[in-house]
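Naming: A, B, ... by sequence-line order, numbering from 1 per chain.
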Amino acid sequence: MKRDSQTGAVPVMVPVPAEAPYTYAVPAGMTVEPGSIVRVPLGPRLVAGIVWDGDGGAVDAKKLRPIDHVFDCPPVPEPMRRFIDWVATYTLSAPGMVARMILRAPEAFDPEPWIEGLKRTDAEPGRLTEARARVLELAGDGLAWTRSGLAHAAGVSSSVIDGLKAQGVLAAEMIPPRPVVAPPDPTYGGGRLSPEQADGAAELCRTVAEDRFSVTLIDGVTGSGKTEVYFEAVAAALAQGRQVLILLPEIALTQAFLERFQDRFGAKPAEWHSDLPPRMRERVWRQVAEGQTRVVAGARSALYLPFPKLGLIVVDEEHDPAFKQEDRVFYSARDMAVVRAHIGGFPAILASATPSVESRVNADQGRYRRIALPSRFADAALPDIRAVDLRRAPPARGGFLSPVLVEQVRRTVERGEQALLFLNRRGYAPLTLCRVCGHRFQCPSCSAWLVEHRFRGQLLCHHCGHHEPRPEACPECGTFDHLAACGPGIERIAEEVVGHFPEARTIVLSSDMLGGVKRLRLELDAIAKGEADIVIGTQLVAKGHNFPNMTLVGVVDADLGLANGDPRAAERTFQLLSQVTGRAGRTGKKSLGLLQTFQPDHPVMRALVSGDAAAFYEREIAERERSGLPPFGRLAGIVVSAETRAEADGHARGLRRAAPPAHDISVLGPAEAPLALIAGRHRFRLLVHGERRSDMQGFLRTLLANGPKPRGSIRVQVDIDPQSFL
DNA sequence: AGCACGCCGACT
DNA sequence: GTCGGCGTGCTC
């Protein structure tokens, strides 16, 4: 429905934390409709907003200000507006703050300018040089070329082009902006699927053909070719003329994925992530909004692109914690992808070698369909996994590598193959203390231990980023040279490895590596080409890279992360270590995974060693049911952040006064925080459990209106899968 | 979220 | 005497 000056006023969602859209006057002669992107005055500034649905509501006529401008831009589609409303309600955040996420490419609201192209005319050049001849041969196709494109293709400098233009041999003609990516061709590649893969692909294609909401979990071991299987569903959706969104965790590093996509579809997908240059960002946004870009591979924020004809969402590595956004609006992109599919009435696909417990449960209970791919593709064999009991085979004094592991590294390197040593801890040592007075180096702002980074000569807080130079003397007692590094980080493991294997080519990889993402990509390429013998890395090596010659993976401290009080600790560790050991043996060579552990009988270690994931999941599910945690129909509650224990206790008192008796309020320190989702800067949290979502929302509203005002923020912990609320 | 206004400390 | 810290409050 179009609205103009007859209607007078429309609701506009503006990017402020207001509960509802604001109302603006539509000036005479202006036409807007729900979804129109407009520029409106807001206080002293002009902001972009989205015309919302319904009427303007009862706002003082004298408060109304007129819409300043309507952008020449496709309106935000209806399903997208419903999605924003839904996410806002679900996360209890202001709808304007959710809407803000789709307005993050401000330059894209105006059409992309046409560019000047050059076209061959009938005129002949005065003198036909060799360079000119090459240009004219290309331009003879009758199509308009860009100046630089033509010069590049003909292998001449652009002055040759300018000369021809001056003589009227080439004439300027405006051409539409180039697409950011070539259109994908659903029939380009493919066809090299195993029977198991082909069955899975056929099933997925059927869900796409149904053209209605469904969720399918692809549960396939690492190396089973899940990607190629869901590519067939992508092809099916493309053939229907729909757009496709593929969500990936940390896409900036997944170059390999883009190449696999290109092998199947003959062109790369458009990328969407925070490292995208602003210009590119705008072009992608615009071309998605116009329906021109057919496939986007993106990080979680790609959910907020204004797709007009979205027909499929794939969430790859669906278990990955990177899908959880924890600033401003708190949400899990995996869950919101399911919601988006539900609102749009199309299928969603979740893929993982190690699905999250909640997705497993959803599949078990029939809310999700399930496709299992239990075997590796082609000649790749799963590595043989063994636990190394550190009580029986302890490392040498001062070291962290068991003789068993050192020996396997030696054999691997001697065979000319690669070994990966995995430790999920950056830096040299996680704790530094003074051997004379016992002083421990602590972060002044968040009281976590400071991690020594020997290479940089600094002590770093991994929590807040605080850093200070590593002192020579103890700041407490002043003693020189008696500071002791406690425990291992990858820098220290690297030191130990160099001690054992001085001749081997060793690479250390972690997210804080100097040179950033670019350098990391180069190093990963170098490893894949065999330019290293031993790789020592943190969890970033677990993600999606293929190292064809990697036949040994040693996990230095497999127990790390099991005892941090997080009820997902076992699940997370299982997922991470499965991914890490899955790096080995991808080309069919016999390969080995060694888990150094003090708890070889721990369910995680047993599951990894036996390969019996099903038993592990069953146990985890039973464990969760016992403790009443999601995903079992119980809302996790409200989180109030506080800096100190006293402050947290004060808030708890206030909450108990305000809360109905059915709510169970507890104050939690970081160690007992019941869900990993709430790892944040604040040290204490109040958790309020309630049985019903509506109760919790009502309670929160009351609390916000007249409860205690915490200095920090009030957040809602919503970690339960949204399907039960759809 | 921005951006104003507003009221108390160290400086051209 | 002013520049500037961030606390409170408002934006259709």
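- Considering only residues two or more places apart in sequence or on other chains, A:Glu112 meets the salt bridge (charged side-chain N to carboxylate O under 4.0 Å, His left out) condition with A:Arg283.
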Under 3.5 Å, which donor-acceptor pairs do the side chains of residues 63-70 of chain A form with other protein atoms, sequence neighbours left out?
| unit_1 | atom_1 | unit_2 | atom_2 | d |
| --- | --- | --- | --- | --- |
| A:Arg65 | NH1 | A:Gly43 | O | 3.1 |
| A:Asp68 | OD2 | A:Arg39 | NE | 2.7 |
| A:Asp68 | OD2 | A:Arg39 | NH2 | 3.1 |

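- One can place CE of A:Met97 at 7 Å from P of B:dA1, the figure rounded to the nearest angstrom.
- The aromatic rings of A:Phe83 and A:Tyr304 sit tilted relative to each other, their planes meeting at an angle between 30° and 60°.
- Looking at heavy-atom distances under 4.0 Å, A:Pro17 makes contact with a base.
- Classification of A:Arg286 and A:Glu282 as a salt-bridged pair fails, no side-chain N sitting under 4.0 Å from a carboxylate O.
- Interface limits on DNA chain C: the 5'-most and 3'-most nucleotides within less than 4.0 Å of chain A heavy atoms are C:dT11 to C:dC12.
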Inset, instruction - Tell me, with the steps shown, if A:Ser356 and A:Glu318 meet side chain to side chain donor-acceptor pair (under 3.5 Å). - result: CA-CA 7 Å; A:Ser356 58; A:Glu318 67 88 23; 3.1 Å; yes
